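Remarks on the structure that follows.
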Amino acid sequence: MDYQMEFAALLEKELHEHSQQDISKMIEKPRYDQQGDLAFPCFTLAKIYRKSPAAIAEGLAGRIQSSHFVKAEAVNGYINVFINKTEAAANVIAAILREGGEYGKSDIAKGSVITIDLSSPNIAKPFSMGHLRSTVIGNSLSLIAEKCGYRTVKINHIGDWGTQFGKLIVAYKKWGEEEKVRANPIKELLNLYVRFHKEAEIHPELNDEGREWFKKLENGEEEALELWHWFKEESLKEFAKVYELLGISFNSNHGEAFYNDKMEQVADELKEKGLLQESEGAQIVPLGEDMPPCLIKKKDGTTLYATRDLAAAIYRQKTYGFTKSLYVVGAEQTVHFKQLFAVLEKMGYPWHKGMTHVPFGMMLKGNKKMSTRKGKVVLLEEVIKEAIMLAEENITEKNPDLANKKEVARQVGTGAVIFHDLKNYRMNDIEFSLTDMLRFEGETGPYVQYTHARASSLLKKGNFTHTPEPFVNGEDANWPLIKSLAAFPEVITHAFEKNDPSQVAKYVLELAKKFNKYYAEVRILADDPCKQSRLTLVATVKTVLEEGLRLLGIAAPEEM
RNA sequence: GUCCCAGUAGCUCAGCUGGAUAGAGCAACAGCCUUCUAAGCUGUGGGUCGCAGGUUCGAAUCCUGCCUGGGACGCCA
């Protein structure tokens with residue numbers, strides 16, 4: 001039952017100048033409960049009918065009659081209607097019981113493919129807090145897309161190619177020691193990387209050496225390749241630990257290097273299509289006034305990441321036939337993606353229209369960007385481990401007999417870290433704060449998980465069983481919950497359209513808050529005729545909380 | 001210099017396809033566990049919605065200018 005459309009249909013009978021669709025768009029959800037469930041503002045009608053909004057509202061309110069609404073009243077130029085709670089409750093509850101975890105799914109995609117470029121850490125650099133953002137946002141978006149009927153392909157486009165490796169090789173050859181790197185690869189490689197940039201400030205010629213070594217790498221010289229391969233292996237091992245802790249996996253791990261043998265074709269194709277020009281010794285595609293030109297090859301003939309991204313996009317289209325393709329990459333790379341999409345358009349690929357850069361703000365420290373080159377990074381793995389430890393302490397204190405303590409601690413600890421990242425709009429910069437990240441109270445992941453665990457516990461204690469004809473009345477205590485439960489499907493589509501997981505995070509918080517309020521006010525397990533009805537409501541809340549958390553990439557333990 | 005993003009309570013943020021009384025969490029203070037997990041609930045205080053114009057019956061929300069912070073602007077990714 002779509003109450004908004006029903007309300008619009010009733011209004012349309014009275015307002016012939018407006019279509020049902022238009023009216024539906026004008027209908028709002030009032031902020032305060034006393035204002036009813038749906039509201040129609042009459043201000044814009046005042047001019048047409050030459051009557052005051054209040055008078056119009058008065059006139060219309062009396063004509064709103066339907067079994068779906070119990071009341072319609074005119075207030076301050078609005079018509080406020082009150083939904084038939086018993087009917088609405090029955091519909092929502094039945095839908096959730098019937099669909100379970102499928103509740104809220106849609107099929108707007110009709111099984112078409114969406115590729116999502118996410119995480120994409122750089123080899124030989126530690127997995128920093130900054131990469132966490134891309135990883136968890138991308139992962140959640142892929143889960144949301146799946147819920148909307150897409151076949152998703154998560155691609156970890158690992159940064160395993162580029163001039164930086166030339167630099168790293170130079171640093172290793174000058175100052176590196178094999179045993180040290182073997183013992184503690186990431187840390188030692190980072191030290192070398194940091195040292196390189198420090199020394200390059202005084203001796204800029206080091207940068208030239210770095211470029212030379214990258215050229216050797218691109219030419220496939222053995223020494224360069226061997227070192228590169230080694231650095232890569234060590235880094236991948238390190239990343240795997242983080243992904244395991246987070247519970248995130250990928251459908252493709254093709255990094256930049258994978259496209260090495262595909263870039264020449266791109267350059268050729270650009271040339272054939274007459275897009276390539278030489279400028280200051282480099283090969284470029286000019287993109288007009290609005291954008292800087294896209295660099296395809298440097299004057300020494302080596303490639304740039306734009307070249308690799310072009311090759312990757314073409315490869316992905318060929319391999320997956322995507323209709324949509326998301327790049328979950330920091331906002332500072334906005335121009336790069338504009339260029340990338342513009343070049344694809346010039347190449348005549350219509351599918352460039354399905355490509356979207358999903359930017360996000362930075363992790364700041366002391367209002368400054370955390371710079372890898374200066375060694376100012378916080379290691380994600382350490383933060384996650386800390387969160388897990390803290391979660392375990394909490395369990396030991398509050399629920400010492402919990403069976404699978406370790407696993408629940410992992411779920412809650414990572415839940416805190418992931419939720420902390422996803423609860424706010426992704427474009428906001430985040431000031432890194434360990435205390436905020438490890439908070440388990442208030443608007444946090446553990447708060448939602450805790451609420452879910454409470455619901456689970458009630459169902460167990462109350463011996464809840466699915467009844468074929470669930471009855472949950474829409475009494476006032478239930479109503480806020482019913483309304484929230486009904487909103488879940490539209491929250492998901494909205495989150496997908498905006499590429500915004502925080503919509504789901506905020507929703508799940510709101511539902512948890514309402515449930516905790518209900519929990520405090522109503523004795524759910526009281527032995528009276530309505531007990532099963534209350535438990536049914538609890539069951540649906542549990543289902544939706546669990547599903548909401550799942551869409552964020554967060555587990556919902558039964559107990560904690 | 002040009003372009004992009006942000007500026008709402010002490011702090012972190014919601015609200016921004018314009019609407020009726022601007023909301024949470026944290027922090028502070030005061031309550032609530034002999035009854036369903038207190039990782040919870042209830043209450044109190046706290047706001048020139050960066051500033052100035054404009055559009056509108058109506059602006060935190062849209063437009064313009066300015067201020068502040070951050071970012072990006074051809075051989076890094």
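Only heavy atoms go into these numbers, but all of them, side chains included; no hydrogens, no water, no symmetry mates. Order of the sequence lines sets the chain letters (A, B, ...), proteins ahead of strands, with each chain counted from 1. This is a predicted model, so every value here is computed, not measured.
Judged by Watson-Crick or G-U wobble contacts below 3.5 Å, the nucleotide G47(B) has no partner. The partner of G1(B), taking Watson-Crick or G-U wobble pairs whose two distances both stay under 3.5 Å, is C73(B). Pairing for A60(B) is absent, with no Watson-Crick or G-U wobble pair whose two atom distances lie under 3.5 Å. Across all strands shown, U21(B) forms no Watson-Crick or G-U wobble pair with both key distances under 3.5 Å. Across all strands shown, U68(B) is found opposite A6(B) as a Watson-Crick or G-U wobble partner, with both distances under 3.5 Å. For A39(B), there is no paired base (Watson-Crick or G-U wobble, both distances below 3.5 Å).
Listed candidates were A24(B), A6(B), C76(B). Nearest to the side chain of E443(A) is A24(B). The M427(A) side chain lies nearest to C5(B) when the options are A77(B), C5(B), A38(B). Between G74(B), U12(B), A39(B), one nucleotide has an atom nearer to the side chain of N424(A) than all others, and that is U12(B). With A14(B), G25(B), C76(B) as the candidates, the nucleotide lying closest to the side chain of L304(A) is C76(B). Distances from the side chain of E256(A) to the nucleotides C75(B), A39(B), A77(B) place A77(B) closest. Counting only heavy atoms from C-beta on, K506(A) has its side chain closest to A14(B) among A14(B), C26(B), A72(B). Across C36(B), A77(B), C13(B), the shortest atom-to-atom separation from the side chain of Q333(A) is found for A77(B). Of the candidate nucleotides A77(B), G74(B), C36(B), G74(B) has the atom lying nearest to any side-chain atom of E280(A). Among the nucleotides A39(B), C76(B), C36(B), the one closest to any side-chain atom of E441(A) is A39(B). With distances taken from any side-chain atom of A39(A) to the nucleotides G74(B), C36(B), A20(B), the minimum falls on A20(B).
Projected onto RNA chain B by closest heavy-atom contact, M560(A) and N76(A) fall at different nucleotides, the more 5' of which corresponds to N76(A). The residue among V412(A) and Q34(A) whose nearest nucleotide of RNA chain B is located toward the 5' end is Q34(A).
Residue A453(A) is classed as a base contact, given a heavy-atom separation below 4.0 Å to a base. Using a 4.0 Å heavy-atom criterion, one finds that K461(A) contacts the sugar-phosphate atoms exclusively. At the heavy-atom level, D429(A) lies under 4.0 Å from the strands shown only through sugar-phosphate atoms. Contact annotation for F440(A): base contact, defined as any heavy-atom pair under 4.0 Å involving a base atom. If you check every strand for non-hydrogen atoms under 4.0 Å, S279(A) touches a base. T44(A) comes within 4.0 angstrom of a base, heavy atoms only. Looking at heavy-atom distances under 4.0 Å, V538(A) makes no contact with the nucleic acid at all. Residue-level contact check: G162(A) touches the backbone only, with heavy atoms under 4.0 Å from sugar-phosphate atoms and none from bases. Across all strands shown, E521(A) has no heavy atoms under 4.0 Å from either base or sugar-phosphate atoms. At the heavy-atom level, I395(A) lies under 4.0 Å from base atoms of the strands shown. Contact annotation for A46(A): no contact, since no heavy-atom pair falls under 4.0 Å across all strands.
Scanning atom types as modelled, no donor and acceptor separated by under 3.5 angstrom connect the side chain of T444(A) and the base of G25(B). For N80(A) and A20(B), a side-chain-to-base donor-acceptor distance below 3.5 Å is present, hydrogens and geometry of angles not being considered.
Going from atom CG of N516(A) over to atom C1' of U42(B) covers 13 Å, rounded to whole Å. Between the CE atom of M363(A) and the C1' atom of A6(B) there is a distance of 17 Å, given to the nearest Å. Whole-Å rounding puts the R308(A) CZ to C76(B) P distance at 10 Å. Put simply, CG on L364(A) is 18 Å from P on C5(B), counting in whole angstrom units. When the P atom of C75(B) is taken as reference, atom CD of Q339(A) falls 11 Å away, rounded to whole Å. Whole-Å rounding puts the K167(A) NZ to C76(B) C1' distance at 6 Å. As rounded to whole Å, 14 Å separates atom C1' of A77(B) from atom CE of M263(A). Spacing between atom CG of L422(A) and atom P of A14(B) amounts to 13 Å, rounded to whole angstrom units.
Annotation for Q21(A): atom CD does not count as buried by contact number, only 12 or fewer foreign heavy atoms lying within 6.0 Å. No more than 12 heavy atoms of other residues, nucleotides or ligands shown are found within 6.0 angstrom of NZ on K346(A). No more than 12 heavy-atom neighbours from other residues, nucleotides or ligands sit within 6.0 angstrom of CG on D33(A).
At C76(B), one or more side-chain N or O atoms of K298(A) fall inside 4.0 Å of OP1 or OP2 (strictly under the cut-off). Checking the phosphate oxygens (OP1, OP2) of C4(B), no side-chain nitrogen or oxygen of T334(A) falls inside 4.0 Å. Between C57(B) and K47(A), a contact under 4.0 Å exists linking OP1 or OP2 to a side-chain N or O. Distances shorter than 4.0 Å separate none of the side-chain N or O atoms of Y519(A) from OP1 or OP2 on C32(B). Note on N428(A): a side-chain N or O is less than 4.0 Å away from OP1 or OP2 of A14(B). For the OP1/OP2 pair of C41(B) and a distance below 4.0 Å, the side-chain nitrogens and oxygens of K517(A) include no atom meeting the criterion. OP1 or OP2 of A39(B) has not a single side-chain nitrogen or oxygen of R454(A) nearer than 4.0 Å.
The six-membered or imidazole ring of H131(A) lies away from that of F239(A), with a centre-to-centre distance of 6.0 Å or more.
Comparing the P positions of G46(B) and A24(B) gives a spacing of 14 Å, expressed to the nearest Å. Straight-line distance between the P atoms of G65(B) and A9(B): roughly 25 Å, to the nearest whole Å. Here, U56(B) and G40(B) have their C1' atoms 46 Å apart, quoted to the whole Å. Spacing of C1' atoms, G25(B) relative to G69(B), comes out at 24 Å, to the nearest Å. Distance noted for atom C1' between A22(B) and G58(B): 15 Å (whole Å).
R133(A) is listed as a side-chain neighbour of I430(A), based on a closest heavy-atom distance under 4.5 Å.
Nucleotide C29(B) carries an anti base; the chi torsion (O4'-C1'-N9-C4 or O4'-C1'-N1-C2) is more than 90° from 0.
Listed here is the closest heavy atom pair of K423(A) and K506(A): O-CE, 3.3 Å.
S140(A) places no side-chain N or O within donor-acceptor distance of the main-chain N or O of V136(A), the cut-off being under 3.5 Å.
Taking the six-membered ring for Trp and thresholds of 30 and 60 degrees, Y327(A) and F337(A) have ring planes inclined between 30 and 60 degrees apart.
Judged by centroid separation below 5.5 Å and plane tilt below 30°, Y32(A) stacks onto the base of U21(B).
For the 3.5 Å distance criterion, the side chains of R308(A) and T303(A) qualify, holding a donor opposite an acceptor.
Relative to the six-membered ring of Y519(A), R454(A) meets both conditions, a distance below 6.0 Å and an angle of at most 45° to the axis.
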